[in-house]
Amino acid sequence: MVKTTSKDTQALFHSLRSAYATTPTNLKIIDLYVVFSVFTALIQVVYMAIVGSFPFNSFLSGVLSCIGTAVLAVCLRIQVNKENKEFKDLPPERAFADFVLCNLVLHLVIMNFLG
């Protein structure tokens with residue numbers, strides 16, 4: 001059994017921080033949006049646990065909207081990343097247009113689910 005030390009943990013965080021420092025700004029902005037969306041979903045779940053879930057459709061709509069938006073943003077990040085060779089022929093404008101269109105469809109479905 002291998003014992004991890006704080007020195008190993010610090011080395012890991014330092015290597016992650018130095019690797020993330022070379023990430024382009026547009027990908028960092030998308031990452032921030034994903035974190036914000038997931039954090040908003042967690043806040044809604046905590047609120048539901050404390051207060052209750054009387055309009056359950058509203059709770060589900062809010063959480064699914066946040067999680068769906070986060071998933072779509074991750075897809076946008078994959079498509080916009082220059083190091084990803086799979087989407088090298090896809091212009092970033094097209095990827096953003098796909099993101100906006102899918103978000104529109106997602107939120108129309110969410111609004112329909114509200115009732």
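As the structure is a computational prediction, the values presented were derived from the model and not from experiment.
In this structure the side chain of S65 reaches within 4.5 angstrom of the side chain of T69, judged on heavy atoms.
Here the closest heavy-atom approach between residue G62 and residue Q44 is recorded as C-OE1, 2.9 Å. The minimum heavy-atom distance linking T22 with A19 is given by the pair OG1-O, 2.7 Å. Residue G68 comes nearest to L106 through the heavy atom pair C-CD2, 3.7 Å, listed as atom of the first residue, atom of the second, then distance. The two residues T23 and K28 have their closest heavy-atom pair at O-CE, 3.4 Å. Shortest non-hydrogen contact noted between V34 and A70 is CG2-O, 4.0 Å. Closest heavy-atom contact between Y20 and D31: OH-OD2, 2.7 Å.
Residue I110 holds its CD1 atom at 5.0 Å from CG of L64, rounded to the nearest 0.5 Å. For the atom pair N26 CG and I29 CD1, the distance stands at 7.0 Å (nearest 0.5 Å). A distance of 6.5 Å separates CG in D98 from CG in L90, rounded to the nearest 0.5 Å.
A donor-acceptor distance shorter than 3.5 angstrom exists from the side chain of N84 to the backbone of I78, with no hydrogens or angles considered. With hydrogens and angles ignored, the 3.5 Å screen pairs a side-chain donor or acceptor of S37 with a backbone N or O of C66. No donor-acceptor distance shorter than 3.5 angstrom exists from the side chain of H14 to the backbone of Q10, with no hydrogens or angles considered.
Between F36 and Y33, the gap from one ring centroid to the other reaches at least 6.0 Å.
Side-chain heavy atoms closer than 4.5 Å link hydrophobic residues (I, L, V, M, F, W, Y) into clusters, and following such links, possibly through other members, connects V100 to L76. A continuous path of Ile, Leu, Val, Met, Phe, Trp and Tyr side chains, each step under 4.5 Å between heavy atoms, connects F96 with L72, placing both in one hydrophobic cluster. The same ILVMFWY cluster, assembled from side-chain heavy atoms under 4.5 Å apart, contains both F56 and F113. Cluster annotation: I67 is connected to F59 through the hydrophobic network of ILVMFWY side chains, with a link wherever side-chain heavy atoms come within less than 4.5 Å. Residues I50 and Y47 share a hydrophobic cluster, clusters being chains of Ile/Leu/Val/Met/Phe/Trp/Tyr side chains in contact below 4.5 Å.
For the side-chain contact (heavy atoms from CB on, under 4.5 Å) with F87, the lone residue among Q79, K82, R94 that qualifies is Q79.
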